[in-house]
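Only heavy atoms go into these numbers, but all of them, side chains included; no hydrogens, no water, no symmetry mates. Atoms within a ligand are numbered from 1 in the order they appear, just like the ligands themselves.
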Amino acid sequence: MDDSRSRLRAAWLAALHEVLGKPSAPIGLHEPEFGGSEWAYVKECLDTGWVSTAGSFVGRFEDQLVDLTGARHAIAVVNGTAALHLALLLAGVRPGDEVLVPALSFVATANAVAHAGAIPHFVDSDPATLGLDPLALQLHLARLADRRDDGLWNRETGRRVAAVVPMHTFGHAVDLDRLMAVASEFSLPIVEDAAEALGSTWRGRHAGTFGLMGVLSFNGNKVVTTGGGGAILTNDDTLARRARHLSTTAKLAHPWAFVHDEVGYNYRLPNLNAALGCAQLEQLPSFLARKRTLAGRYRDAFARREGFRFQDAPPDCESNFWLAAVRIEAEDRAIRDALIEAAHACGYHCRPAWTLLPSLPMYRDCPRADLPVAEAIEASLVCLPSSPRLAEVRA
Ligand SMILES: *Cc1c(COP(=O)(O)O)cnc(C)c1O
């Protein structure tokens with residue numbers, strides 16, 4: 001290792017040590033915390049026998065989500081991927097359509113498109129937000145798309161372009177002003193993948209409430225967890241009713257008969273999971289405060305060291321800092337991997353960003369724009385341990 005590399009490594013480990021102290025056990029990327037009423041609420045489910053797809057915690061959880069996000073409706077489902085799948089169907093995505101998604105995202109964003117029988121069409125990211133770049137999208141569509149009476153068509157593939165799915169990466173909101181302008185210019189419905197953005201706001205309004213629909217995830221590694229879970233947010237009464245109906249096997253209300261009027265899904269969140277979620281949401285303010293404190297410590301630690309740029313929240317966004325992240329200025333995968341290795345060896349379980357989705361075998365042949373920014377981010381970004389409890393560590 002040459003001098004500059006060993007200096008970079010020393011600075012890296014010093015920054016982690018300064019923020020996280022010396023770990024007595026490996027520090028994971030994001031660990032759940034059950035310090036509230038989780039035990040009592042889950043016990044109530046067990047005591048009453050209401051563990052499954054009916055029970056009072058589901059409605060209560062949805063009410064809490066409505067209060068928190070300001071969305072008119074929240075529909076709780078089994079996970080974020082299912083939420084995205086349903087939202088895409090309700091946005092009018094049909095088999096054979098294309099759906100615009102960021103190349104830099106968790107695989108679920110593209111999988112949900114595939115589950116709807118559609119084809120993901122990958123677009124580039126904005127270095128300031130890490131999310132879909134509205135200007136790059138606009139240029140791409142201007143070059144490639146035909147606006148017709150029956151929708152927007154990809155001139156190269158002959159397929160309809162049915163929707164756009166921005167993703168609020170690590171809790172940082174995309175530039176929603178510009179994105180909404182581009183989407184409306186091309187008459188594209190927006191389904192926000194806000195899986196990582198619970199508690200994040202853009203100009204004071206909660207992420208996931210700008211598009212036609214937004215989705216949240218409550219997987220074990222997210223800001224709050226229900227074990228597994230997700231939700232659809234929408235302000236549209238009809239879409240909300242449709243989402244509820246489709247997620248509960250499209251069963252018609254009746255005291256005893258089983259009548260279903262279309263092919264539905266078994267996507268409703270069980271009461272047991274919702275009980276966990278109610279207790280978790282009660283603690284969200286504390287989770288957010290501590291995650292933001294922790295992010296501030298990383299910001300300070302990396303500001304004083306050369307070769308790194310802390311990935312701060314973009315303008316207009318109050319981020320939940322789901323995952324704090326830093327860019328290595330060198331933009332070199334080998335350097336990135338060496339630093340991640342070194343961190344792991346000291347008990348700090350850092351991770352790179354996701355492999356770009358069009359590099360995965362199942363999405364290799366999908367249409368894509370040029371992806372210079374997504375490639376640079378992928379080569380240089382490292383996610384840092386971000387559990388709320390880490391804000392209590394003193395080095
Ligand atoms: C977590 C996540 C999802 C949904 O994940 P589930 O595990 O299905 O709840 C979707 N998109 C992104 C970007 C995510 O991070």
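- Salt-bridge annotation for R148 and D146: absent, with no side-chain N of the basic residue lying under 4.0 Å from a carboxylate O of the acidic one.
- Counted by atom type alone, Y267 and H85 present one or more donor-acceptor pairs between their side chains at under 3.5 Å.
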Salt bridge (charged side-chain N to carboxylate O under 4.0 Å, His left out) between E306 and R7: does it pass, once the steps are laid out? CA-CA 9 Å; E306 260 176 65; R7 271 201 308 277; over 6 Å; no
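- The shortest N or O to N or O distance between F106 and ligand 1 is not under 3.5 Å.
- Protein heavy atom closest to atom 5 (O) of ligand 1, with residue, atom name and distance, is S217 OG, 3.7 Å.
- Among all protein heavy atoms, the one lying closest to atom 3 (C) of ligand 1 is A195 CB, 3.5 Å.
- Relative to the ring axis of Y41, R60 places its NZ or CZ within 45° and under 6.0 Å from the centre.
- Of the protein's non-hydrogen atoms, D193 OD2, 2.8 Å is the one closest to atom 11 (N) of ligand 1.
- Residue contacts with ligand 1 include G229, since one or more of its heavy atoms lies under 4.0 Å from the ligand.
- Distance CD/E378 to OG/S125: 10.5 Å, rounded to 0.5 Å.
- A salt bridge is defined here as a Lys NZ or Arg NE, NH1 or NH2 lying under 4.0 Å from an Asp or Glu carboxylate O, and R299 with D312 meets this definition.
- Each of the atoms 13 (C) of ligand 1 lies under 4.0 Å from some heavy atom of M167.
- Ranking the protein heavy atoms by distance from atom 1 (C) of ligand 1 puts K222 NZ, 1.5 Å first.
- Looking only at protein heavy atoms, the nearest one to atom 15 (O) of ligand 1 is E196 OE2, 2.6 Å.
- Applying the 4.0 Å criterion to heavy atoms of N219 picks out, from ligand 1, the atoms 7 (O).
- Among all non-hydrogen protein atoms, the one lying nearest atom 8 (O) of ligand 1 is T81 OG1, 2.5 Å.
- Of the charged side-chain nitrogens involved, none lies within less than 4.0 Å of a carboxylate oxygen, so that R389 and E33 do not count as a salt-bridged pair.
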